[in-house]
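Everything on this sheet refers to the single structure shown next.
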Amino acid sequence: RGKRAFIAGVADDNGYGWAIAKALASAGAEILLGTWVPALNIFETSLRRGKFDESRKLPNGSLMEITKVYPLDAVYDTPEDVPEDVKANKRYAGASNWTVKEVAESVKNDFGSIDILVHSLANGPEVTKPLLETSRRGYLAAISASSYSFVSLLQHFLPIMNPGGATVSLTYIASERTIPGYGGGMSSAKAALESDTMVLAFEAGRKGKIRVNTISAGPLGSRAAKAIGFIEKMIDYSYSNAPLQKELLADEVGSVAAFLASPLASAVTGSVVYVDNGLNTMGLAV
Ligand code: NAI
C-alpha cells in the first residue's frame, strides 16, 4: 500500500512545503495539503487554471497529483478558539472546518488514516523587529503559529497516524546562533520547535511508534522568507561561506524530508537534520 501524507503549509509552488510534496509524490505517496485559509482561494484557482503545471512535473515526467486541499489555520485548535472578527472575515467565512481539530476529523472521515505529517509553516507578525523591540503579543503570536501549531497538529493527527509513520517540520539555525534580522520572536519559536521535536519524538514514539524530526534548512527565497526582508543577503552569505558553494534548491530539502519520512530513516527520531550546504558547521566567514 502506498503511503498517505498530509502537508501543512503549502500555498504556492515556491516554498519548502511544495518541494516536500513533490518528493513524497515522486516516492509514491498520496498527497493531501493543508493551506492557510486566507491563501486558499488563490492557491486553488491557480492549481485549477494550470498555473503550477510546470512545477508539478515529477522526475518521471508525470504531474504531481494533489488528492485534496484542506483549508487550515493552525493557530486555532477548535471552533471555540476562533475570535468573532476572524469568523466574520470574508476570507474565513467562505471556508469551513479549518481549525486543527476539524481538519484532522475531516482527513479521518475522508481517508481513515495517514502515514506522514509535514509541518512547513511559520508566521511572526513582528519578524522585522529586533527581539528587544518585540511586543508580548507579537512574540506569543510567533510561537503560536510557528511552534505550538506543530504540537497541535501532532496532538490531533497522532490518533489517525499508522504505526511506523513519521513527521517532519522545518526549522532555522536562528534558534541556536544569532541571526540579526530574524526577529519578532521567530528565533525563539524555532528554538521551541527544535526542543519540542525531541520531547515529541519520545512521546509519539512511545504512544504511536511515530518518528519526529526537523530539518534545519538553509535560506530559500520563498514567499514567507521575502516577508522577512533580507533573504537575498542570506542566500549570498550562504553561497560565499558554506562548504558547498552552490544554490540550495528546495528540492534538496524535499529529498531529505522524503528520506526522513521513509523506512530508510527507521531509526532516526528526535533529530535536527541540517540541509544547508553545510553552512552551520562554519565558525569563520572566509
Ligand atoms: P512558504 O511561504 O512557502 O510557507 C509558509 C506557509 O505557512 C505559507 O504557505 C503560509 O500560508 C503558511 N501559514 C502561515 N501561517 C499559517 C497558519 N496560521 N496556518 C496555516 N498555514 C499558515 O515559506 P517557506 O520559507 O517555505 O516556509 C516553510 C517552513 O520552512 C517554515 O517553517 C519556515 O520557517 C521554514 N524555513 C524557511 C527558510 C527559508 O529561508 N525560506 C529557512 C529555514 C526554515
Side-chain angles (χ1 to χ4, degrees), residues 6-22 33-43 46 52 55 69-77 81-82 86 91-92 95 98-100 102-103 118-125 127 141-150 152-153 168-177 179 181-182 184-194 197 214-238 247-254 256-257 272-277 279-280:
F6 181 85
I7 301 147
V10 179
D12 60 40
D13 59 350
N14 293 319
Y16 284 134
W18 177 269
I20 293 169
K22 281 179 72 175
L33 300 181
T35 299
W36 196 25
V37 186
L40 180 74
N41 236 325
I42 173 136
F43 180 64
S46 303
F52 301 136
S55 43
V69 179
Y70 293 86
L72 167 71
D73 194 320
V75 305
Y76 304 113
D77 304 311
D81 298 329
V82 183
V86 174
R91 290 192 296 178
Y92 281 82
W98 40 259
T99 66
V100 176
E102 293 170 290
V103 175
V118 177
H119 175 282
S120 182
L121 64 97
N123 201 5
V127 66
I143 296 272
S144 173
S146 315
S147 319
Y148 190 78
S149 55
F150 179 64
S152 179
L153 278 165
V168 180
S169 67
L170 274 300
T171 186
Y172 184 49
I173 195 165
S175 59
E176 44 174 333
R177 299 277 185 270
I179 306 286
Y182 195 75
M186 278 306 299
S187 55
S188 330
K190 292 305 192 189
L193 181 66
E194 289 174 26
T197 296
T214 189
I215 292 175
S216 186
L220 173 78
S222 65
R223 188 186 172 113
K226 284 179 180 142
I228 305 172
F230 65 110
I231 187 68
E232 294 310 330
K233 200 176 130 196
M234 300 302 297
I235 292 171
D236 290 347
Y237 180 91
S238 178
E247 187 188 353
L248 175 67
L249 303 175
D251 288 342
E252 295 177 295
V253 168
V256 175
V272 179
V273 178
Y274 295 91
V275 184
D276 65 349
N277 285 327
L279 184 63
N280 73 91

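Indexing begins at 1, ligand by ligand and atom by atom, following the structure's order.
Atom 40 (O) of ligand 1 has its closest protein heavy atom at Leu220 N, 2.8 Å. Ala74 N, 2.9 Å is the protein heavy atom nearest to atom 19 (N) of ligand 1. Annotation: atom 3 (O) of ligand 1 to nearest protein heavy atom, Gly15 CA, 3.2 Å. Here the heavy atom of the protein found nearest to atom 8 (C) of ligand 1 is Gly9 O, 4.3 Å. Remark: minimum distance from atom 44 (C) of ligand 1 to any protein heavy atom is reached at Thr171 O, 3.1 Å. For atom 23 (O) of ligand 1, the closest non-hydrogen atom of the protein is Ser222 OG, 3.1 Å. For atom 2 (O) of ligand 1, the nearest non-hydrogen atom of the protein is Ala224 N, 3.1 Å. Closest protein heavy atom to atom 30 (O) of ligand 1: Leu170 CB, 3.3 Å.
No more than 12 heavy atoms of other residues, nucleotides or ligands shown are found within 6.0 angstrom of CD1 on Ile42. With a 6.0 Å radius and a threshold of 12 heavy atoms from other residues, nucleotides or ligands, Asn41 has its CG atom at or below the threshold.
Considering backbone and side-chain N/O of Tyr16, one or more are found under 3.5 Å from N/O of ligand 1. Of the N or O atoms in Asp73, one or more lie within a sub-3.5 Å distance of an N or O in ligand 1.
Every residue two or more places apart in sequence or in another chain that forms a ring pair (Phe, Tyr, Trp, His ring centres under 6.0 Å) with Phe43 is listed here: Phe52. Not counting sequence neighbours, Trp36 has no partner by the ring pair (Phe, Tyr, Trp, His ring centres under 6.0 Å) test.
Close contacts between ligand 1 and Leu72 involve ligand atoms 19 (N), 20 (C) [criterion: under 4.0 Å to a heavy atom]. In the vicinity of Ala122, heavy-atom distances shorter than 4.0 Å reach the ligand 1 atoms 7 (O), 14 (C), 31 (C), 32 (O), 34 (O). Close approach of ligand 1 to Asn123 is summarised as follows: ligand atoms under 4.0 Å from at least one heavy atom of the residue are 15 (N). Listed by atom number, the atoms of ligand 1 under 4.0 Å from Pro219 heavy atoms are 40 (O). Applying the 4.0 Å criterion to heavy atoms of Ala225 picks out, from ligand 1, the atoms 41 (N).
Summarising the geometry of Leu193 relative to Thr171, their closest heavy-atom pair is CD2-CB, 4.1 Å, with the distance given to 0.1 Å. Nearest heavy-atom pair, Leu248 versus Val275, reported as atom, atom and distance to 0.1 Å: CD2-O, 3.7 Å. Residues Glu176 and Glu194 share a closest heavy-atom pair of OE2-OE1, 4.4 Å. The two atoms that bring Ser149 and His119 nearest to each other are OG-NE2, 2.8 Å, heavy atoms only.
In this structure, Val75 has a heavy atom closer than 4.0 Å to ligand 1. Residue contact check for ligand 1: Lys190 places a non-hydrogen atom closer than 4.0 Å to it. Residue Ile231 places a heavy atom less than 4.0 Å from ligand 1. Heavy-atom distances between Gly218 and ligand 1 reach below 4.0 Å in at least one pair.
Of the candidates Ser120, Ala11, Ala8, Ser120 brings a heavy atom nearest to atom 27 (O) of ligand 1. Distances from atom 12 (C) of ligand 1 to the heavy atoms of Leu248, Ile235, Leu121 show the closest one on Leu121. Nearest-heavy-atom check against atom 22 (C) of ligand 1 across Trp98, Trp36, Tyr182 picks out Trp36.
Going from atom CD1 of Ile173 over to atom CE of Met234 covers 9.0 Å, rounded to the nearest 0.5 Å. One distance of note links OG1 of Thr214 with NZ of Lys190; it measures 7.0 Å at 0.5 Å rounding. Atom CH2 of Trp18 sits about 11.0 Å away from atom CG of Asp251, to the nearest 0.5 Å. For the atom pair OH of Tyr172 and CD1 of Ile215, the computed distance is 15.5 Å after rounding to the nearest 0.5 Å.
Although no hydrogens or angles enter the test, the distance criterion places no donor-acceptor pair under 3.5 Å between the side chain of Thr35 and the main chain of Leu40.
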